[in-house]
Amino acid sequence: VNRQAVVIAVADAQLANGVLATPSTPLGAQARVARAALAGAGLGVADVDGLFTAGSWGIPGPGQFPTATLAEYLGINPRYADGTNIGGAAFEAHLGHAVTAIEAGRCEVVLISYGSTQRSGPRTLGNFASPAYASQYEAPTGLPLPVGGYALAASRYLALSGASRADLASVAVAARHWAALNPQATKRELISVDDVLASPPVCEPLHVLDCCLVTDGAGAVVVTTAERAADLRREPIHVLGWAEAQSHWTISQMPDLTVTGAARTAKSALDSAGLALADIDMLQIYDSFTITVLLTLESMGLCGPGEGGAYVAEGNTLPGGSLPMNTSGGGLACAHPGMYGIFLLVEACRQLWGECGDRQVNGARTVLVHGTGGHLSSSVTCVLSAGG
Amino acid sequence: MTFPPELRPQADEDSRPYWEALRRRTLLLPYCANCERAFFYPRSICPRCHSAEVSWRVSAGRGVVYAVTVVHRPPSKKLEAPYSVALVDLQDGCRVLMRVHPDDAGQARVGAPAYVDFQEIDDELAMPVLRIAGSAGREPE
């Protein structure tokens, strides 16, 4: 029996101007995308016996127990559940954990799910800064989270590396080039470095256009065994390697604000895949802020310290470039519903299946997906491949 | 300006001596007898060596700015922006996040020598506030 775990379906919710096109609760939106993803693979909701989710909706309240609440809403009784929440990278961790659970025989069909109405519904991210436990020392300073943590990292990065705000801006400019090719993206107009520099400051050195969008969204990823996938409609996508790391939660506890956990996880995930960075055809890199991408590219060793901005500005990651990155437009230009990690996986799989229309990267067979959560706190790398 | 109640620190068993010392204009740091170094934030084990031999030491409050941001969009409507918040690397061997004194915000750059002053918020709460050394020849009161 081939218990190797493979991704066989993905789905996300359609947005209109950053809000759910079909008005929904976070649970309702997840149910819709779950049905759509499972149906696309020839499966139904009743087939799901492993449920993986994280979120910040419904807190305080039923959202504190997201796997139980979602299972009940869907009307399923999973025999395996994982509510790991390490911020926006949670869904890359879920994929890795799902592989482990499936290969250990604990479940057969895993649904990884996320939904948020942070744009159209009640805002719940306020509890991010509740001044209790470790946050009692930081919340009273008035540092807004998560942006303030990333701004502190950007200040250190600019002071030490010789990079400039224009280097940060190059990431936001590149995101719009991809979004312009994606009819589902929220911000499709091209922008210039000067536009980013001139946008209003949020937490210096980060300005509005250095920051991800604030949208609704829902996504689903379905994982099962290679054996089961052989009977289903979709070409399986293999998880060649994955690795996770958590260096801290609160920003004062980050050992070096210019080096993220990607320094460990990218190498470890590539090693377990038996690949090198040079073998990767495409990057899907969590872009909560422009600084997030530069620190990730440099931490994983693709660029030297301070060189990430030039690498992006030279066009390497643009449509037609040597290493396309964030091909949906990413969190900066497509959508960012509070936690973005699941959408990195959705876009990676669609690219591997060749479903991406004008933004399709021809010949991409191996994708590196990297999630970053919290305040540069958690890092998870997954290496995905079509055809195996 | 009233301090936003939703940002008021919730002192607990780990932190109460820290907050009480600040009201006496004293920066008290948790200290590991095994590492012979301070750490931050207060907790029942040393996060470096995991020793439980933890006590308190008074800090001289001297250090260097590690990172700094100017906040334009505060987390509470009760806060008046802009203001600066910095991470300071204290000579004691740990890093702490603090508001920068408004008079020194322009001098708060990465690498700037700095020292800790205190701001009485009200009868119940005092906060550490970072001053930049030599920025105007001032010393703490």
Side-chain angles (χ1 to χ4, degrees), chain A residues 123 125-163 199-208 210-211 214 247-258 289 291 295 375-376, chain B residues 3-16 18-19 22 39-43 47-48 65-76 78-90 94-100 105 108-112 119 121 125-130:
Chain A
R123 296 292 296 270
L125 283 173
N127 56 54
F128 224 91
S130 175
Y133 305 111
S135 296
Q136 68 183 289
Y137 313 100
E138 305 204 345
T141 68
L143 185 75
L145 295 174
V147 60
Y150 289 85
L152 288 166
S155 84
R156 181 93 186 156
Y157 174 76
L158 296 185
L160 263 63
S161 72
S199 64
V202 178
C203 276
E204 293 180 52
L206 299 180
H207 288 232
V208 166
D210 288 293
C211 302
V214 177
S247 55
H248 63 286
W249 184 251
T250 44
I251 196 66
S252 73
Q253 306 294 302
M254 185 170 182
D256 178 342
L257 265 67
T258 64
F289 303 92
I291 183 67
L295 293 182
H375 325 105
L376 296 160
Chain B
F3 193 81
E6 71 273 23
L7 299 183
R8 204 173 176 90
Q10 296 174 22
D12 56 30
E13 288 78 358
D14 286 335
S15 68
R16 212 158 274 127
Y18 170 78
W19 292 112
L22 288 173
F39 61 86
F40 199 81
Y41 49 87
R43 63 196 97 171
R48 292 193 191 97
V65 174
Y66 179 82
V68 60
T69 180
V70 183
V71 177
H72 293 265
R73 298 198 181 179
S76 165
K78 294 192 182 71
L79 295 174
E80 200 175 317
Y83 52 84
S84 294
V85 178
L87 285 167
V88 57
D89 274 350
L90 295 172
C94 59
R95 188 175 297 156
V96 184
L97 187 72
M98 291 181 201
R99 185 75 75 89
V100 178
R109 295 191 184 88
V110 172
Q119 186 194 2
I121 305 294
L125 177 63
M127 296 282 297
V129 58
L130 199 66

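By convention in this document, chain letters (A, B, ...) are assigned in the order of the sequence lines, proteins followed by strands, and residues within each chain are numbered from 1.
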Among the listed options V65(B), V110(B), V129(B), the residue most often paired with chain A at heavy-atom distances under 4.5 Å: V110(B)
Max heavy-atom pair count under 4.5 Å with chain B, selected residue of G148(A), A134(A), A153(A): A134(A)
Interface moiety of R43(B) toward chain A, non-hydrogen atoms closer than 4.5 Å: side chain
Beyond-backbone contact of V208(A) with R73(B), side-chain heavy atoms, under 4.5 angstrom: yes
Segment of L160(A) engaging chain B (4.5 angstrom heavy-atom cut-off): side chain
Interface residue of largest heavy-atom contact number with chain A, from V100(B), L97(B), V96(B), L125(B), under 4.5 Å: L97(B)
Non-hydrogen side-chain atoms of P200(A) and H72(B) separated by less than 4.5 Å: no
Partner chain B: residue of A139(A), P140(A), S252(A) with the largest heavy-atom pair count (under 4.5 Å): P140(A)
Shortest non-hydrogen separation from A86(B) to L152(A) and the atoms involved: CA-CD2, 4.4 Å
Backbone N/O of V68(B) and side chain of S155(A): donor-acceptor pair under 3.5 Å: yes
G142(A) to P75(B) - nearest heavy-atom pair and separation: O-CD, 3.3 Å
Which atoms of F40(B) approach chain A - backbone, side chain, both or neither, heavy atom under 4.5 Å: both
Structural part of S76(B) lying under 4.5 Å from a heavy atom of chain A: neither
By salt bridge (Lys or Arg N to Asp or Glu O under 4.0 Å) - contacts of D89(B) (at least two apart): R95(B)
Interchain contact, M127(B) with chain A, by part (heavy-atom threshold 4.5 Å): side chain
Exercise: identify the closest heavy-atom pair between T69(B) and A151(A): OG1-CB, 3.5 Å
Structural part of P128(B) lying under 4.5 Å from a heavy atom of chain A: neither
For the student: nearest non-hydrogen atoms of R156(A) and A67(B), plus distance: CB-CB, 4.3 Å
Y137(A) and W19(B) aromatic ring geometry - parallel, tilted or perpendicular at 30°/60° bounds: parallel
Atom group of Y133(A) that falls short of 4.5 Å from chain B, counting heavy atoms: both
Partners passing ring-ring contact (aromatic ring centres under 6.0 Å, His included) against Y66(B) (at least two apart in sequence or in another chain): none
Minimum heavy-atom distance A11(B)-Q136(A), with the two atoms named: CA-OE1, 3.5 Å
Side chain, backbone, both or neither of A159(A) within contact of chain B (heavy atoms, under 4.5 Å): side chain
Nearest-0.5 Å distance that lies between atom CG in L87(B) and atom CD in Q253(A): 10.0 Å
